[in-house]
Structure formats: structure tokens, C-alpha cells
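Counting from 1, the numbers follow the sequence of the chain as shown.
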Amino acid sequence: MNVAIRQAALFLSLWALCALSKPTEKKDRVHHDPQLSDKVHDDAQNFDYDHDAFLGADEAKTFDQLTPEESKERLGKIVSKIDEDKDGFVTAEELKAWIKFAQKRWIYEDVERQWKGHDLNEDGLISWEEYKNATYGYILDDPDPDDGFNYKQMMMRDERRFKMADKDGDLIATKEEFTAFLHPEEYDYMKDIVVQETMEDIDKNGDGLIDLEEYIGDMYSHDGDAEEPEWVKTEREQFVEFRDKNRDGKMDKEETKDWILPSDYDHAEAEARHLVYESDQNKDGKLTKEEIVDKYDLFVGSQATDFGEALVRHDEF
């Protein structure tokens, strides 16, 4: 067994241990859109929140090292990417799509890393056979591994998810389909598989539903504790009052979906509308490149965007 295979085996073994061990701290199954920034959104003080929202926090820091002229030049290039239909205008919808992309750049970077390890014939596509061989090849050679974990079951689960991500059903994934396979919670058409996998993880008696004890058991193990922590008592109340909507004592598929995939407030849409409102000089509801670059300090930072200078420019506009 070579080094790469040993590393893969170790990873899967650790994954198995994590999956099989019962957590003693609260496990969060809920998929929320992350906050656009951990900074306070107060344009009267600074535009740091807007910079993080528009670029992503890491990228925003790189602009802070640039001169205003360099920032404007790079911003102009970004605007060209945001204008998807190339009509010379940036709409709130295009801005929203860009902000969502900027916030989830790490997902695309993760896909790029994994793509290199799975596109074995380097044809720009990944077939199920390629993924299966790269991920489970050594297990197929040794169907009864020493650790006793059921890798075959894990492979079958991956195959089911791969087929769901593969929209045209040819068992060959484009990069977008592979992204949906690796990060299904980011795609509407993959939400059913996220719910199904979650229910399979929690449903211990195999009745296809999640009862109160299964719900709590997924989050907390007594481990001899005489009394449950307050947060566990709160979760019991949450299950009875909010999760189990039809009051039958169990969560079905729709109730589980409402729990783990809530309809959150759309921060990206709110920020996109805010940026358009603040930059739209002729009030036509869309932005030109000139309008965005003129208001560059709202979108990106530079060496000059300290509090005082940013406020002066804001007042001038």
C-alpha cells in the first residue's frame, strides 16, 4: 500500500470513527448561509463590511495594500466579470450572484483541489468510475478491511449522491456537477439528498422518521450524566414546539428539511440592493462601470481608505 493510499485509508478510518462515535457536545445539522462579514455594517464609520461582502474577507485585505489607482483598476476588471450578459450594466441580481460567489470562493477552491486528484485521465470530466477508483480502489481490492468499517455502504451512498448531481444521467460529472456532488447543500436540486442522508444518519430504528430520542441522541450522549445540560432541555422543547409541526412525535422528510435547510434572510440580496442604491447616480436601478469605479471606496479598500478620508469622499458623493 503506497503513501497516498495509506493517507486515504487513515482519513476514511478517522471519518468512520467520527461517524460511529456519539457526540458529547452539540452537533449542528443546520445549513445556514454564513454572515457576509464579522464587522459591523455602519457606512457612517467605514465601508469594511461592504468590502468583505463584495470581495470576501481574505480578498478584501489584499486591496488594503493597493494605491487608490490600483484598486480602481482591479475593481474595473471585476466589474467586467460581474456583468454576465455583457450589456454594459450591473444589475442587483448580477451583484447578488457575484457576492454569493465571493463568499463561497472556498468551495470552488476545494473543488479545484479535489478535481486534480480524481480526473485521472485529465479530460476535464470526472466519471463515477474515476471517482470510485480514486477514492475506493484499494478497498475494492480488499473488501474486508481490518477496521471492519462498511466502506461498501459508504461507496453506495456516494454513488447515489453522484447520480443525483449528474443532471444528464451519463455518470460523468462536469465541474459544476462535481461541485454539487461535493457540496450538495449549495444546490437546490440536491437538497433532497441532503435531507435523505441526514435522516439516515439520525434514524436509528429504520422507520424512515426521526423521533425525539433519535433527535437528541444525535446531538448529545448522557455518558453517565445525572442531569441533562440546559441546551439539551431547550432542544427537547424545540423539537416538540417547532420541529414536529404535525405533533405526531416524529419528524418526517418535510419537517427535517425545514429544520436543516431553513429559508434564511438573504444577506447577499440585501447587500446587492444596498450597493446599487448607494452607487446609482442616475437612479436607473442598475450600475455602469463608471458609477461603480467612481464609488470605488464603497466596494473595495485601498491604502487611502482610513476613516477620515473615506468619510470625506462619502460626503463629496
Side-chain angles (χ1 to χ4, degrees), residues 30-43 47-60 62-63 71-112 165 167-168 174-192 194 257-258 261-301 314 317:
V30 182
H31 298 279
H32 289 292
D33 277 339
Q35 294 293 316
L36 301 183
S37 173
D38 58 5
K39 300 179 176 68
V40 176
H41 194 182
D42 183 1
D43 286 359
F47 300 131
D48 291 349
Y49 177 97
D50 300 299
H51 299 167
D52 285 359
F54 182 69
L55 295 166
D58 290 340
E59 186 69 11
T62 68
F63 273 78
S71 278
K72 289 178 183 179
E73 182 181 354
R74 281 182 62 178
L75 175 60
K77 292 177 181 177
I78 290 174
V79 172
S80 298
K81 295 179 182 177
I82 300 173
D83 179 17
E84 291 184 0
D85 59 9
K86 306 303 178 191
D87 66 349
F89 296 99
V90 169
T91 64
E93 275 301 309
E94 287 173 327
L95 256 180
K96 172 184 166 182
W98 169 261
I99 290 168
K100 284 183 177 289
F101 168 79
Q103 293 297 318
K104 293 173 179 177
R105 190 177 275 117
W106 69 271
I107 288 175
Y108 300 103
E109 291 171 351
D110 174 54
V111 171
E112 286 298 329
K167 283 187 167 182
D168 59 9
T174 63
K175 191 160 286 186
E176 188 69 12
E177 289 170 335
F178 192 63
T179 304
F181 168 68
L182 293 177
H183 299 277
E185 69 283 353
E186 302 297 333
Y187 291 81
D188 285 340
Y189 79 100
M190 295 293 289
K191 286 184 177 178
D192 283 348
V194 175
K257 186 175 183 178
D258 289 343
L261 297 168
S263 299
D264 287 340
Y265 173 74
D266 196 331
H267 295 279
E269 181 175 353
E271 177 64 11
R273 292 184 183 279
H274 166 67
L275 293 174
V276 170
Y277 178 80
E278 293 294 333
S279 310
D280 185 14
Q281 294 175 19
N282 63 3
K283 301 303 175 188
D284 63 351
K286 52 192 176 182
L287 303 178
T288 63
K289 181 183 287 190
E290 290 71 26
E291 285 175 320
I292 292 174
V293 173
D294 282 350
K295 194 75 170 177
Y296 84 98
D297 58 344
L298 173 65
F299 291 85
V300 299
H314 186 64
F317 286 120

field: Check ion pair K191-E185 (N to O, under 4.0 angstrom)
entry: no
- request: Could you give me the CA-CA distance, side-chain angles and deciding distance for H183 and V111, then say whether side chain to side chain contact (heavy atoms under 4.5 Å, CB included) is met?
  value: CA-CA 9 Å; H183 299 277; V111 171; 4.2 Å; yes
field: CD/E93: more than 12 non-hydrogen atoms of other groups inside 6.0 Å
entry: no
message: Rounded to the nearest 0.5 Å, what separates atom CG in L287 from atom CD1 in I292?
response: 4.5 Å
statement: In D52, D50, D48, the residue satisfying salt bridge (Lys or Arg N to Asp or Glu O under 4.0 Å) with K39 is D52
message: Between K289 and D83 (salt bridge meaning N to carboxylate O under 4.0 Å), is one present in this structure?
response: no
message: If you compare all heavy atoms of S279 against all heavy atoms of E291, which two are closest, and at what distance to 0.1 Å?
response: O-CB, 3.6 Å
field: Heavy-atom check, side chain of T288 versus side chain of F89, under 4.5 Å
entry: yes
query: So does K167 pair up with E176, basic N to acidic O under 4.0 Å?
result: no
- prompt: More than 12 heavy atoms of other residues, nucleotides or ligands under 6.0 Å from OH of Y108: is that the case?
  reply: yes
query: Does NZ in K81 sit with more than 12 non-hydrogen atoms of other residues, nucleotides or ligands closer than 6.0 Å?
result: no
query: Has R105 got more than 12 heavy atoms of other residues, nucleotides or ligands less than 6.0 Å from its CZ?
result: yes
Heavy-atom closest pair, residues I99 and F54: CG1-CA, 4.4 Å
field: Cationic N near anionic O, under 4.0 Å, E59 to R74
entry: yes
Sole residue of H267, E269, H274 in side-chain contact (heavy atoms from CB on, under 4.5 Å) with E271: H274
query: Hey, is the main chain of A57 close enough, under 3.5 Å, to the side chain of H51 for a donor-acceptor pair?
result: no
- line: The reported gap from CG in L55 to OG1 in T62 (rounded to nearest 0.5 angstrom) is 7.0 Å
